[in-house]
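What follows is one structure encoded as structure tokens, with my remarks underneath.
Bear in mind the structure is a predicted one, so any value in this text is a computation, not a measurement.
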Amino acid sequence: MNPEVAEAIPTLVERGVLRAEDGAVQLRVARGELLSVRGELRALWWLGVTLVMAGVGVLIAEKAQQLGPLVITLGLTVAAAGCLAWVIHRGPPFSWGQGESEAVAFDYVLLLGASLLASDLAYVEFRFKPLGVGWPWHLLVGSLVMAGLAVRYDSRLLFSLALSTFAAWRGVTASTFVSFAWFTTSAATVRTNAIGCGVLFVGLGMLLQRVNRKAHFEPVAAHLGWSLVLGAMTQGAIASSRSAADWLPWSLALLATAAGLAALAWRNRRFTLLLLAVLALYVAISRIVLVPVDDEKLAVAYFLVSGALTVIALLTAHRVLRRSGDA
Amino acid sequence: MTPEHVAADRAAQVRRAAAGWRMTGLINEASERAVRDLFPDDRVRVGMAFRVLLAIFAGVAGLAALILAILVTDGPAVAWVVAPILVALTEGLVGSGKRAQGGIEEGLSFAAWVAVIVACVWLGDKGFGCREEALLRLALLGAAGAAGLAAWRWGMPLYAVAGAVSGFILLGTFDGGRWLILGTALAFTPLLSHGRSHPRVAPALRECLTAVMMACLAAIYLCVNYYSLDHRWIERAHHYQAAEGELGLVVGLAGVLGTALLPLAVLRRGIVTRDRLLLWFGLAGIAVGAVTLRAYVHLAPLWLLLILSGLAVFGLATLVGRYLEGGQDGERGGLTARPLGTATDLGKALEVAGTIASLTPAAPPTSPSTGFKGEGGQFGGGGASESF
């Protein structure tokens with residue numbers, strides 16, 4: 001319910017800002033007489049997919065011996081095929097542009113089908129080991145299949161899962177990303193992989209935009225890519241090693257990358273990327289500045305001064321944006 | 001809130017609606033500009049990214065000022081000086097600075113709120129000689145009071161939530177805290193429900209009342225949930241030892257009924273009144289109720305329960321969507337599955353983040369010298385790693 005909007009709509013219709021038929025609908029929305037539950041339905045579909053996939057995971061973990069590999073493989077294959085058959089039947093014609101299926105649940109049936117197929121691949125690989133020691137390659141196959149389906153059926157949701165599965169193939173996931181860096185021997189490898197994946201995703205996004213093929217997938221690739229690059233460098237910079245040889249190169253790399261991203265994001269007016277860049281820049285500078293500081297008062301004073309200076313810099317930047325009409 | 005602030009806030013509501021219409025293609029850029037001209041907003045507002053950054057760094061600077069003052073003066077008494085300075089700065093930014101949802105005032109007011117809590121603790125400790133529980137109550141009272149004032153004066157919903165939560169925790173520290181919380185929340189909910197839709201209340205204050213109502217509904221459910229009653233969650237937070245013994249029949253039955261019926265009643269009310277907050281609360285309550293049931297009754301193996309509930313949720317959403325689409329003009333009872341010009345990117349971003357977090361397969365272990373090695377896999381959604 002929005003009384004201000006309800007009061008404004010007749011004026012807006014009268015002045016021709018809003019079409020009469022749209023005005024009538026929006027008036028009902030503003031008066032609380034009409035409510036779209038599209039967001040709630042999407043949330044329920046998403047929850048349904050997540051619960052089913054969690055159940056499949058538990059089923060295989062607990063009942064693999066009892067059910068036998070054939071039943072599990074067949075079950076997963078049939079379920080995935082069922083979902084994907086519906087998707088193929090109901091899917092819109094292919095287009096390189098942005099399209100939307102008539103069925104609102106389409107995206108989620110596709111997500112469920114692709115996730116079941118990936119689980120099927122993983123189980124087959126685990127049980128029958130067709131790839132032997134190269135078993136992680138099934139993640140690459142899964143990622144490519146998902147990417148193909150995402151492009152064919154125009155699903156940004158599945159595209160994001162394809163990218164994160166690709167990163168998982170290189171050893172990078174949200175959970176390992178949080179915990180990998182500190183003291184494990186594989187930290188450097190995973191960090192390098194994360195940066196490699198990030199650069200690849202950013203490059204892929206740029207390519208999609210340049211050739212104008214599925215250009216609306218670019219924000220997913222860019223945000224995931226930059227998050228991986230900056231996250232990995234931040235992990236390297238803040239790793240609690242006393243040796244400057246360990247953290248200083250990462251801090252300097254983070255500083256340079258974040259500064260570059262800030263400039264790029266500023267030029268293209270991409271403010272969520274700017275947010276990431278400014279935070280990473282602050283972490284890099286603080287890491288370098290605070291190392292020689294032993295006095296706690298001086299350290300706190302640093303946060304006071306640096307915080308205030310950053311606020312002033314952001315205000316100045318925002319003023320420039322307002323003047324150019326981009327704020 | 002000053003009358004100028006309220007007037008600007010009302011204009012901002014229309015401008016925000018126009019931005020939503022533009023995003024869903026109901027109006028074009030020229031029309032949105034016309035709305036901006038018709039409903040001028042004299043406040044300095046910033047976009048979400050700048051708002052987050054300004055709030056973080058203003059908060060860092062404000063909190064650093066408080067800590068530095070405490071370190072320099074060697075005691076927290078200085079919080080009594082720092083808090084008014086930070087409040088005055090916030091007031092200046094909101095008043096003569098005409099800032100609204102601008103980040104800086106939000107960060108500084110947060111530091112001021114922390115300073116008030118520190119000052120209350122110092123006063124209780126040094127001034128009144130309070131110990132432990134009394135000190136905690138004084139801190140909570142200070143937190144609730146300061147947050148309530150901040151919400152009322154500056155129209156910031158975050159403080160409304162902070163104030164309500166602090167208040168409920170404060171009530172929980174007294175004997176019979178559960179019933180105090182329940183009684184207070186039940187008494188306030190109808191008033192809040194009325195106030196949050198009243199046209200004479202400023203939009204920002206309506207948001208604050210909505211935030212408090214959300215806290216009240218959550219508090220009511222926490223009080224009547226069977227698991228919370230059985231495990232004496234609220235009582236244990238107060239007196240750990242006092243939480244022994246079986247639940248009485250009446251209380252136990254009330255807990256069962258409350259766990260099952262309250263979310264359904266709220267959901268029904270949400271559907272009838274077309275209230276999004278109540279819809280979400282009802283759905284979340286049903287999910288919590290199902291988890292509570294699972295904790296006591298072994299209906300089926302976990303895997304079966306997860307798959308069946310997933311399919312049920314999926315099927316229910318599909319049925320509801322079809323039912324609504326089948327109505328006249330794609331709506332029934334004032335509810336529709338059509339988008340109505342209120343789309344936001346935030347929901348889609350959360351969906352992508354949730355998908356990546358929950359459905360991405362586990363990564364294979366890595367070794368710096370030999371690259372990937374592994375045997376087997378683990379299902380974390382769509383992939384595998386080292387073990388089943």
Checklist outcome for this item: Residues of residues 6-16 of chain B with a heavy atom under 4.5 Å from any heavy atom of chain A, in residue-number order, are B:R10, B:Q13, B:V14

Item to check | Heavy-atom closest contact (A:V17 atom, B:A34 atom, distance) | outcome: CG2-CB, 3.9 Å

Checklist entry - What heavy-atom pair brings B:D275 and A:L35 nearest, and what distance separates the two atoms? => result N-CD2, 4.3 Å

Next on the checklist: With a 6.0 Å cut-off (strictly less than), is the heavy-atom count around CD of B:E32, excluding the residue itself, greater than 12?
Outcome noted: yes

Checklist entry - Just by distance, do the side chain of B:T336 and the backbone of A:S36 share a donor-acceptor pair under 3.5 Å? => result no

Checklist entry - Does any heavy atom of chain A fall under 4.5 Å from the side chain of B:L71, the backbone, both, or neither of them? => result both

Checklist entry - In terms of heavy-atom proximity below 4.5 Å to chain A, should B:L279 be classed as side chain, backbone, both, or neither? => result side chain

Next on the checklist: For A:E21, is the CD atom crowded, meaning more than 12 foreign heavy atoms sit under 6.0 Å from it?
Outcome noted: yes

Checklist entry - Do the non-hydrogen side-chain atoms of B:R274 and A:R28 ever get within less than 4.5 Å of each other? => result no

Item to check | Contact winner vs chain B - A:N2, A:L12, A:L51, A:V37, heavy-atom pairs under 4.5 Å | outcome: A:L51

Checklist entry - In chain order, what residues pass the side chain to side chain donor-acceptor pair (under 3.5 Å) check against A:K63, with sequence neighbours excluded? => result A:Q66

Checklist entry - Contact part of A:V109 toward chain B, heavy-atom cut-off under 4.5 Å: side chain, backbone, both or neither? => result both

Checklist entry - CD of A:E296 to CG of B:L68: how many Å apart, nearest 0.5 Å? => result 10.0 Å

Please tabulate, for side-chain N and O atoms in residues 46-63 of chain B, each donor-acceptor pair with protein atoms closer than 3.5 Å (sequence neighbours left out).
from: B:R51; atom 1: NE; to: B:E106; atom 2: OE1; distance (Å): 3.1
from: B:R51; atom 1: NE; to: B:E106; atom 2: OE2; distance (Å): 3.2
from: B:R51; atom 1: NH2; to: B:E106; atom 2: OE2; distance (Å): 2.6

Checklist entry - What part of A:T272 is in contact with chain B, defined as an atom under 4.5 angstrom from a non-hydrogen atom: side chain, backbone, both or neither? => result backbone

Checklist entry - So which part of B:I104 gets closer than 4.5 Å to some heavy atom of chain A, the side chain, the backbone, both or neither? => result side chain

Item to check | Nearest heavy-atom neighbours spanning A:A105 and B:F314 | outcome: O-CZ, 4.5 Å

Next on the checklist: Test of understanding: with side-chain contact (heavy atoms from CB on, under 4.5 Å), list the residues that count as partners of A:V141, not counting sequence neighbours.
Outcome noted: A:L121, A:V145

Checklist outcome for this item: So CD1 of B:I307 and CE of A:M53: to nearest 0.5 Å the spacing works out to 9.0 Å

Checklist entry - Any side-chain heavy atom of B:R206 within less than 4.5 Å of one from A:P3? => result yes

Item to check | Closest non-hydrogen atom pair between A:L41 and B:A337, with its separation | outcome: CD1-CB, 3.8 Å

Next on the checklist: Restricting to non-hydrogen atoms, name the atom on A:A8 and the atom on B:F39 that form the minimum distance, rounded to 0.1 Å.
Outcome noted: CB-CZ, 3.3 Å

Checklist entry - Which bit of A:L273 is near chain B, if near means a heavy-atom gap under 4.5 Å: side chain, backbone, both or neither? => result neither

Checklist outcome for this item: Applying a strict 4.5 Å limit to non-hydrogen atoms, the region of A:I9 in contact with chain B is side chain

Next on the checklist: Please identify, among A:L314, A:V5, A:L274, the residue contributing the most non-hydrogen atom pairs under 4.5 Å to chain B.
Outcome noted: A:L314

Checklist entry - Taking C-beta and beyond as the side chain, do B:V44 and A:R322 meet within less than 4.5 Å on heavy atoms? => result yes

Next on the checklist: Tell me which of these, B:L302, B:L304, B:L38, B:I27, has more heavy-atom pairs under 4.5 Å with chain A than the rest.
Outcome noted: B:L38

Checklist entry - Does any heavy atom of chain B fall under 4.5 Å from the side chain of A:E40, the backbone, both, or neither of them? => result both

Checklist entry - Of the backbone (N, CA, C, O) and the side chain (C-beta and beyond), which part of B:R99 lies under 4.5 Å from a heavy atom of chain A, both, or neither? => result side chain

Item to check | Region of B:L324 in contact with chain A, defined by heavy-atom distances below 4.5 Å | outcome: side chain

Checklist outcome for this item: Cut-off 4.5 Å, heavy atoms of chain B, and the answer for A:V25 is side chain

Item to check | 4.5 Å side-chain heavy-atom contact, A:E4 and B:P203 | outcome: yes

Checklist outcome for this item: Highest number of heavy-atom pairs under 4.5 Å with chain A among B:G310, B:G107, B:G102 belongs to B:G310

Item to check | Largest heavy-atom contact set with chain B, pairs under 4.5 Å, which of A:L315, A:V220, A:T11 | outcome: A:L315

Checklist entry - Where does A:Y108 contact chain B at under 4.5 Å (heavy atoms): side chain, backbone, both or neither? => result both

Checklist entry - Is it true that the side chains of A:Q26 and B:W21 contain a donor and an acceptor less than 3.5 Å apart? => result yes

